[in-house]
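In the text below, chain A, chain B and the rest are named by the order of the sequence lines, each starting its count at 1.
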2 protein chains.
Amino acid sequence: MEPVPMLLAMTYRAMGDQFHDRLAQIGLEPLRPAHGYVFRFLKAKRATTVDIGQHLGVTKQAAAKIVNELDEWGYVLREPHPADKRAQYVTLTTKGRDYLKFADNLWSDLEQEMADAIGQQTLDTIRTGLAAYLQHVHGEDQPGLRPVW
Amino acid sequence: MEPVPMLLAMTYRAMGDQFHDRLAQIGLEPLRPAHGYVFRFLKAKRATTVDIGQHLGVTKQAAAKIVNELDEWGYVLREPHPADKRAQYVTLTTKGRDYLKFADNLWSDLEQEMADAIGQQTLDTIRTGLAAYLQHVHGEDQPGLRPVW
DNA sequence: CCCACTAGACAACCAGGTTGACCATATTCT
DNA sequence: AGAATATGGTCAACCTGGTTGTCTAGTGGG
(Lines give C-alpha, C1' and ligand atoms only; values in the text may rest on other atoms or scores of the structure.)
Protein backbone atom coordinates (compact mmCIF):
# COMPACT_ATOMS: atom_id res chain seq x y z
CA MET A 1 0.00 0.00 0.00
CA GLU A 2 1.16 3.40 -0.82
CA PRO A 3 2.77 5.28 2.03
CA VAL A 4 0.68 8.22 3.15
CA PRO A 5 3.26 10.90 2.28
CA MET A 6 3.31 9.61 -1.27
CA LEU A 7 -0.45 9.94 -1.45
CA LEU A 8 -0.22 13.46 -0.10
CA ALA A 9 2.34 14.43 -2.70
CA MET A 10 0.48 12.85 -5.57
CA THR A 11 -2.80 14.41 -4.60
CA TYR A 12 -1.22 17.81 -4.17
CA ARG A 13 0.26 17.53 -7.60
CA ALA A 14 -2.92 16.27 -9.17
CA MET A 15 -4.87 19.21 -7.84
CA GLY A 16 -2.13 21.69 -8.63
CA ASP A 17 -1.86 20.43 -12.20
CA GLN A 18 -5.56 20.79 -12.77
CA PHE A 19 -5.48 24.27 -11.33
CA HIS A 20 -2.64 25.21 -13.58
CA ASP A 21 -4.23 23.71 -16.67
CA ARG A 22 -7.48 25.55 -16.22
CA LEU A 23 -5.66 28.78 -15.55
CA ALA A 24 -3.65 28.32 -18.72
CA GLN A 25 -6.85 27.79 -20.68
CA ILE A 26 -7.99 31.24 -19.62
CA GLY A 27 -4.64 32.53 -20.81
CA LEU A 28 -3.41 34.04 -17.57
CA GLU A 29 0.21 34.80 -16.71
CA PRO A 30 2.28 31.78 -15.73
CA LEU A 31 2.01 32.34 -11.99
CA ARG A 32 3.48 29.73 -9.71
CA PRO A 33 2.00 28.50 -6.46
CA ALA A 34 4.32 30.73 -4.47
CA HIS A 35 2.74 33.75 -6.12
CA GLY A 36 -0.67 32.64 -5.03
CA TYR A 37 0.53 32.20 -1.47
CA VAL A 38 1.88 35.72 -1.57
CA PHE A 39 -1.47 37.07 -2.70
CA ARG A 40 -3.26 35.30 0.04
CA PHE A 41 -0.78 36.61 2.57
CA LEU A 42 -0.99 40.18 1.33
CA LYS A 43 -4.73 40.09 1.45
CA ALA A 44 -4.58 39.19 5.11
CA LYS A 45 -2.03 41.77 6.25
CA ARG A 46 0.23 44.60 5.18
CA ALA A 47 3.64 43.16 4.66
CA THR A 48 7.14 43.94 3.50
CA THR A 49 9.33 41.75 1.32
CA VAL A 50 11.04 40.44 4.42
CA ASP A 51 7.70 39.50 5.94
CA ILE A 52 6.82 37.63 2.78
CA GLY A 53 10.07 35.72 2.78
CA GLN A 54 9.43 34.70 6.34
CA HIS A 55 5.94 33.57 5.55
CA LEU A 56 7.07 31.51 2.58
CA GLY A 57 10.02 30.15 4.47
CA VAL A 58 12.62 31.42 2.00
CA THR A 59 15.35 34.04 2.19
CA LYS A 60 14.45 37.67 1.72
CA GLN A 61 16.40 37.64 -1.54
CA ALA A 62 14.25 34.87 -2.95
CA ALA A 63 11.17 36.73 -1.78
CA ALA A 64 12.46 39.89 -3.46
CA LYS A 65 12.68 38.08 -6.79
CA ILE A 66 9.11 36.97 -6.51
CA VAL A 67 7.93 40.43 -5.56
CA ASN A 68 9.83 41.89 -8.51
CA GLU A 69 8.06 39.62 -10.93
CA LEU A 70 4.69 40.38 -9.46
CA ASP A 71 5.48 44.06 -9.65
CA GLU A 72 6.54 43.89 -13.30
CA TRP A 73 3.37 42.04 -14.14
CA GLY A 74 1.27 44.60 -12.32
CA TYR A 75 -0.18 42.37 -9.64
CA VAL A 76 1.47 44.22 -6.84
CA LEU A 77 3.09 47.54 -6.04
CA ARG A 78 5.43 48.92 -3.45
CA GLU A 79 4.59 51.92 -1.34
CA PRO A 80 6.75 53.68 1.19
CA HIS A 81 6.52 52.57 4.75
CA PRO A 82 5.11 55.42 6.80
CA ALA A 83 7.44 55.01 9.75
CA ASP A 84 10.55 53.34 8.33
CA LYS A 85 12.32 54.90 5.38
CA ARG A 86 14.16 51.71 4.57
CA ALA A 87 11.08 49.58 4.26
CA GLN A 88 8.34 49.31 1.66
CA TYR A 89 4.92 47.83 1.99
CA VAL A 90 3.97 45.46 -0.78
CA THR A 91 0.31 45.77 -1.66
CA LEU A 92 -2.04 44.10 -4.09
CA THR A 93 -3.24 46.05 -7.09
CA THR A 94 -6.75 45.65 -8.42
CA LYS A 95 -5.36 43.19 -10.93
CA GLY A 96 -3.87 41.27 -8.04
CA ARG A 97 -7.11 41.15 -6.11
CA ASP A 98 -9.00 40.07 -9.20
CA TYR A 99 -6.55 37.28 -9.78
CA LEU A 100 -6.85 36.11 -6.22
CA LYS A 101 -10.61 36.09 -6.42
CA PHE A 102 -10.52 34.11 -9.64
CA ALA A 103 -8.02 31.66 -8.21
CA ASP A 104 -10.05 31.18 -5.06
CA ASN A 105 -13.08 30.29 -7.11
CA LEU A 106 -11.06 27.84 -9.11
CA TRP A 107 -9.72 26.21 -5.98
CA SER A 108 -13.12 25.83 -4.48
CA ASP A 109 -14.37 24.34 -7.75
CA LEU A 110 -11.63 21.77 -7.53
CA GLU A 111 -12.39 21.08 -3.93
CA GLN A 112 -16.02 20.64 -4.78
CA GLU A 113 -15.13 18.15 -7.49
CA MET A 114 -13.07 16.31 -4.97
CA ALA A 115 -16.01 16.26 -2.60
CA ASP A 116 -18.20 14.91 -5.38
CA ALA A 117 -15.68 12.20 -6.10
CA ILE A 118 -14.99 10.96 -2.61
CA GLY A 119 -17.83 12.36 -0.52
CA GLN A 120 -18.13 15.60 1.37
CA GLN A 121 -17.75 13.87 4.67
CA THR A 122 -14.54 12.15 3.68
CA LEU A 123 -13.15 15.44 2.48
CA ASP A 124 -14.04 17.09 5.77
CA THR A 125 -12.30 14.32 7.65
CA ILE A 126 -9.21 14.78 5.55
CA ARG A 127 -9.21 18.50 6.15
CA THR A 128 -9.62 18.32 9.89
CA GLY A 129 -7.34 15.33 10.20
CA LEU A 130 -4.45 16.99 8.43
CA ALA A 131 -4.99 20.22 10.31
CA ALA A 132 -4.94 18.31 13.57
CA TYR A 133 -1.72 16.58 12.62
CA LEU A 134 -0.03 19.84 11.76
CA GLN A 135 -1.21 21.28 15.02
CA HIS A 136 0.20 18.26 16.78
CA VAL A 137 3.58 18.55 15.08
CA HIS A 138 4.15 22.27 15.08
CA GLY A 139 1.98 23.56 17.87
CA GLU A 140 0.85 27.15 17.49
CA ASP A 141 3.64 28.62 15.41
CA GLN A 142 3.28 26.95 12.04
CA PRO A 143 6.41 27.33 9.91
CA GLY A 144 6.49 28.83 6.43
CA LEU A 145 5.06 26.80 3.57
CA ARG A 146 8.48 26.37 2.00
CA PRO A 147 9.01 23.83 -0.73
CA VAL A 148 6.95 21.40 -2.26
CA TRP A 149 5.97 24.09 -4.80
CA MET B 1 -9.95 27.99 6.32
CA GLU B 2 -6.94 26.62 4.72
CA PRO B 3 -7.41 25.30 1.22
CA VAL B 4 -6.98 21.53 1.07
CA PRO B 5 -3.98 21.56 -1.29
CA MET B 6 -2.15 23.78 1.17
CA LEU B 7 -2.82 21.29 3.93
CA LEU B 8 -1.58 18.48 1.73
CA ALA B 9 1.63 20.31 0.99
CA MET B 10 2.26 21.30 4.57
CA THR B 11 1.61 17.82 5.87
CA TYR B 12 3.82 16.27 3.24
CA ARG B 13 6.60 18.61 4.22
CA ALA B 14 6.10 18.07 7.91
CA MET B 15 6.40 14.32 7.52
CA GLY B 16 9.25 14.55 5.08
CA ASP B 17 11.19 16.86 7.35
CA GLN B 18 10.82 14.53 10.27
CA PHE B 19 11.91 11.62 8.14
CA HIS B 20 14.93 13.51 6.99
CA ASP B 21 15.87 14.67 10.48
CA ARG B 22 15.78 11.19 11.95
CA LEU B 23 17.76 9.82 9.06
CA ALA B 24 20.37 12.51 9.56
CA GLN B 25 20.63 11.58 13.23
CA ILE B 26 21.64 8.08 12.22
CA GLY B 27 24.23 9.68 9.98
CA LEU B 28 23.09 8.25 6.67
CA GLU B 29 23.94 9.65 3.24
CA PRO B 30 21.94 12.71 2.23
CA LEU B 31 19.45 10.84 0.10
CA ARG B 32 16.58 12.78 -1.35
CA PRO B 33 12.99 11.59 -1.69
CA ALA B 34 13.55 10.78 -5.35
CA HIS B 35 16.19 8.26 -4.33
CA GLY B 36 13.75 6.53 -2.07
CA TYR B 37 11.20 6.35 -4.84
CA VAL B 38 13.80 4.74 -7.06
CA PHE B 39 14.53 2.11 -4.43
CA ARG B 40 10.91 1.29 -4.07
CA PHE B 41 10.55 1.03 -7.82
CA LEU B 42 13.60 -1.18 -8.25
CA LYS B 43 12.42 -3.48 -5.55
CA ALA B 44 9.20 -4.02 -7.45
CA LYS B 45 10.65 -4.63 -10.92
CA ARG B 46 13.80 -4.84 -12.97
CA ALA B 47 14.28 -1.53 -14.64
CA THR B 48 16.61 0.50 -16.83
CA THR B 49 17.46 4.15 -16.37
CA VAL B 50 14.86 5.07 -18.93
CA ASP B 51 12.22 3.12 -17.02
CA ILE B 52 13.16 4.98 -13.88
CA GLY B 53 12.89 8.34 -15.55
CA GLN B 54 9.46 7.40 -16.78
CA HIS B 55 8.38 6.29 -13.37
CA LEU B 56 9.61 9.47 -11.73
CA GLY B 57 8.21 11.60 -14.49
CA VAL B 58 11.53 13.18 -15.43
CA THR B 59 13.78 12.99 -18.49
CA LYS B 60 16.12 10.08 -18.87
CA GLN B 61 19.03 12.46 -18.39
CA ALA B 62 17.76 13.53 -15.00
CA ALA B 63 17.19 9.90 -14.09
CA ALA B 64 20.72 9.07 -15.20
CA LYS B 65 22.13 11.64 -12.78
CA ILE B 66 20.23 10.09 -9.93
CA VAL B 67 21.33 6.60 -10.86
CA ASN B 68 24.93 7.77 -11.09
CA GLU B 69 24.82 9.10 -7.56
CA LEU B 70 23.26 5.96 -6.23
CA ASP B 71 25.88 3.94 -8.03
CA GLU B 72 28.77 5.98 -6.62
CA TRP B 73 27.35 5.60 -3.15
CA GLY B 74 27.00 1.88 -3.60
CA TYR B 75 23.25 1.60 -3.30
CA VAL B 76 22.80 0.34 -6.79
CA LEU B 77 24.69 -1.24 -9.64
CA ARG B 78 24.28 -1.67 -13.38
CA GLU B 79 24.33 -5.00 -15.09
CA PRO B 80 24.12 -5.77 -18.78
CA HIS B 81 20.73 -6.36 -20.27
CA PRO B 82 20.52 -9.94 -21.50
CA ALA B 83 18.74 -9.20 -24.74
CA ASP B 84 19.64 -5.61 -25.58
CA LYS B 85 23.27 -4.61 -25.81
CA ARG B 86 22.42 -0.94 -25.47
CA ALA B 87 20.55 -1.28 -22.23
CA GLN B 88 21.56 -1.88 -18.62
CA TYR B 89 19.46 -3.07 -15.75
CA VAL B 90 19.79 -1.06 -12.59
CA THR B 91 19.59 -3.25 -9.50
CA LEU B 92 19.70 -2.70 -5.77
CA THR B 93 22.77 -3.77 -3.86
CA THR B 94 22.51 -5.21 -0.37
CA LYS B 95 23.25 -1.75 0.95
CA GLY B 96 20.37 -0.48 -1.11
CA ARG B 97 17.96 -3.09 0.16
CA ASP B 98 19.03 -2.41 3.75
CA TYR B 99 18.45 1.26 3.31
CA LEU B 100 15.02 0.65 1.89
CA LYS B 101 14.09 -1.58 4.76
CA PHE B 102 15.30 0.97 7.26
CA ALA B 103 13.43 3.75 5.52
CA ASP B 104 10.25 1.72 5.37
CA ASN B 105 10.40 1.17 9.11
CA LEU B 106 10.93 4.86 9.66
CA TRP B 107 7.98 5.73 7.49
CA SER B 108 5.71 3.38 9.28
CA ASP B 109 6.88 4.79 12.60
CA LEU B 110 5.90 8.22 11.41
CA GLU B 111 2.60 6.96 10.15
CA GLN B 112 1.95 5.32 13.49
CA GLU B 113 2.70 8.58 15.26
CA MET B 114 0.26 10.26 12.97
CA ALA B 115 -2.32 7.64 13.81
CA ASP B 116 -1.69 8.23 17.50
CA ALA B 117 -2.13 11.94 17.04
CA ILE B 118 -5.31 12.00 14.98
CA GLY B 119 -6.76 8.53 15.39
CA GLN B 120 -6.25 5.39 13.36
CA GLN B 121 -9.65 5.68 11.82
CA THR B 122 -9.09 9.22 10.63
CA LEU B 123 -5.81 8.19 9.10
CA ASP B 124 -7.47 5.32 7.30
CA THR B 125 -10.09 7.65 5.93
CA ILE B 126 -7.39 9.98 4.69
CA ARG B 127 -5.56 7.17 3.00
CA THR B 128 -8.53 5.70 1.23
CA GLY B 129 -9.98 9.10 0.45
CA LEU B 130 -6.85 10.34 -1.28
CA ALA B 131 -6.39 7.08 -3.11
CA ALA B 132 -9.96 7.27 -4.34
CA TYR B 133 -9.45 10.81 -5.54
CA LEU B 134 -6.33 9.87 -7.47
CA GLN B 135 -8.17 6.95 -8.96
CA HIS B 136 -10.94 9.31 -9.94
CA VAL B 137 -8.59 11.80 -11.57
CA HIS B 138 -6.14 9.53 -13.33
CA GLY B 139 -7.98 6.27 -13.75
CA GLU B 140 -5.78 3.24 -13.97
CA ASP B 141 -2.60 4.69 -15.39
CA GLN B 142 -1.26 6.84 -12.61
CA PRO B 143 1.40 9.25 -13.87
CA GLY B 144 4.93 9.52 -12.48
CA LEU B 145 5.39 11.08 -9.09
CA ARG B 146 7.20 14.03 -10.53
CA PRO B 147 7.75 17.07 -8.43
CA VAL B 148 6.88 18.04 -5.15
CA TRP B 149 10.15 16.44 -3.96
C1' DC C 1 26.03 59.90 20.34
C1' DC C 2 27.20 55.13 19.51
C1' DC C 3 26.64 50.80 18.32
C1' DA C 4 24.09 46.81 17.20
C1' DC C 5 20.51 45.57 14.24
C1' DT C 6 17.43 45.49 10.06
C1' DA C 7 15.23 46.43 5.03
C1' DG C 8 16.49 46.04 0.82
C1' DA C 9 19.64 45.61 -3.40
C1' DC C 10 23.46 43.45 -5.97
C1' DA C 11 26.32 39.62 -7.22
C1' DA C 12 28.22 35.07 -7.33
C1' DC C 13 27.03 30.53 -6.89
C1' DC C 14 24.53 25.90 -6.65
C1' DA C 15 21.15 22.04 -7.37
C1' DG C 16 18.27 19.77 -10.04
C1' DG C 17 16.04 19.83 -13.56
C1' DT C 18 15.60 20.81 -19.18
C1' DT C 19 16.71 20.57 -24.33
C1' DG C 20 19.53 19.08 -28.07
C1' DA C 21 22.97 16.32 -30.31
C1' DC C 22 25.13 12.10 -30.77
C1' DC C 23 26.49 6.92 -31.05
C1' DA C 24 25.39 2.18 -31.06
C1' DT C 25 22.08 -1.15 -31.18
C1' DA C 26 17.13 -2.76 -32.17
C1' DT C 27 13.11 -2.97 -34.84
C1' DT C 28 10.13 -2.42 -38.68
C1' DC C 29 8.97 -1.92 -43.42
C1' DT C 30 9.36 -2.99 -48.30
C1' DA D 1 18.55 -8.21 -47.20
C1' DG D 2 18.81 -3.42 -46.73
C1' DA D 3 17.05 1.09 -45.62
C1' DA D 4 14.58 3.89 -42.56
C1' DT D 5 13.22 4.65 -38.10
C1' DA D 6 13.08 4.23 -33.10
C1' DT D 7 15.39 3.57 -28.61
C1' DG D 8 19.06 3.22 -24.53
C1' DG D 9 22.64 5.74 -22.86
C1' DT D 10 25.93 9.67 -22.61
C1' DC D 11 27.69 14.40 -23.10
C1' DA D 12 27.22 19.30 -22.99
C1' DA D 13 24.92 23.72 -22.73
C1' DC D 14 21.44 26.04 -20.50
C1' DC D 15 17.36 27.62 -17.22
C1' DT D 16 15.00 28.29 -12.87
C1' DG D 17 14.55 29.11 -8.38
C1' DG D 18 16.64 28.93 -4.74
C1' DT D 19 21.24 29.96 -1.63
C1' DT D 20 25.16 32.74 0.74
C1' DG D 21 27.76 36.85 1.25
C1' DT D 22 28.38 41.74 1.04
C1' DC D 23 26.93 46.38 1.00
C1' DT D 24 24.22 50.78 1.96
C1' DA D 25 20.96 53.44 4.35
C1' DG D 26 18.02 53.87 8.05
C1' DT D 27 16.44 52.48 12.96
C1' DG D 28 16.50 52.49 17.87
C1' DG D 29 18.11 51.28 22.63
C1' DG D 30 21.68 52.40 26.16
Just list the side-chain donor-acceptor pairs under 3.5 Å for residues 39-46 of chain A, sequence neighbours left out, or say none.
{"residue": "Arg40(A)", "atom": "NH1", "partner": "Asp104(A)", "partner atom": "OD1", "Å": "2.5"}
{"residue": "Arg46(A)", "atom": "NH2", "partner": "Glu79(A)", "partner atom": "OE2", "Å": "2.4"}

Task: Results of side-chain contact (heavy atoms from CB on, under 4.5 Å) for Asp71(B) - residues two or more places apart only - done: Val76(B), Arg78(B)
Task: Spacing of His81(B) atom NE2 relative to dA24(C) atom C1', expressed in whole Å - done: 16 Å
Task: Thr93(A) (side chain) donor-acceptor with Gly74(A) (main chain) under 3.5 angstrom - done: yes
TODO: Round to a whole Å and report the spacing from NZ of Lys65(A) to C1' of dC13(C).
DONE: 10 Å
Task: side-chain contact (heavy atoms from CB on, under 4.5 Å) involving Thr125(B) - partner list, sequence neighbours excluded - done: Thr122(A), Thr125(A)
- [ ] Return the angle between end axes of the helix from dC1(C)-dG30(D) to dT30(C)-dA1(D), with five pairs used per end and rounding to 10°.
- [x] 30°
- [ ] Would you please name every residue forming a side-chain hydrogen bond (donor to acceptor under 3.5 Å, both in side chains) with Tyr75(B), sequence neighbours left out?
- [x] none
Task: Toward the 5' end of DNA chain D, by each residue's nearest nucleotide, Ala63(A) or Lys85(A) - done: Ala63(A)
TODO: Could you state the atom-to-atom distance from CD1 of Ile52(B) to P of dG17(C) in whole Å?
DONE: 13 Å
- [ ] With the side chain of Thr59(A) defined as its heavy atoms from C-beta on, choose the nearest nucleotide among dG17(C), dT20(D), dG17(D).
- [x] dT20(D)
Task: Interatomic distance, Leu31(B) CG vs dG16(C) C1' [rounded to whole Å] - done: 16 Å
TODO: Mind checking side-chain contact (heavy atoms from CB on, under 4.5 Å) for Thr59(B) and listing every partner two or more places apart, or none if nothing turns up?
DONE: Gln61(B), Ala62(B)
TODO: Applying salt bridge (Lys or Arg N to Asp or Glu O under 4.0 Å), name anything that partners Lys95(A), two or more places apart in sequence or on another chain.
DONE: Glu29(A)
- [ ] For the side chain of Glu69(B), starting at C-beta, report the closest nucleotide among dT19(D), dG17(C), dG16(C).
- [x] dG16(C)
Task: With Gln120(B) via side-chain contact (heavy atoms from CB on, under 4.5 Å) - residues at least two apart - done: Gln112(B), Ala115(B), Leu123(B), Asp124(B)
Between the protein and nucleotides 8-10 of chain D, which nitrogen or oxygen pairs are less than 3.5 angstrom apart?
{"residue": "dG9(D)", "atom": "OP1", "partner": "Gln88(B)", "partner atom": "N", "Å": "2.7"}
{"residue": "dG9(D)", "atom": "OP1", "partner": "Gln88(B)", "partner atom": "O", "Å": "3.1"}
{"residue": "dG9(D)", "atom": "OP2", "partner": "Thr49(B)", "partner atom": "N", "Å": "3.3"}
{"residue": "dG9(D)", "atom": "OP2", "partner": "Val50(B)", "partner atom": "N", "Å": "3.2"}
{"residue": "dG9(D)", "atom": "N7", "partner": "Lys60(B)", "partner atom": "NZ", "Å": "2.7"}
{"residue": "dG9(D)", "atom": "O6", "partner": "Lys60(B)", "partner atom": "NZ", "Å": "2.8"}

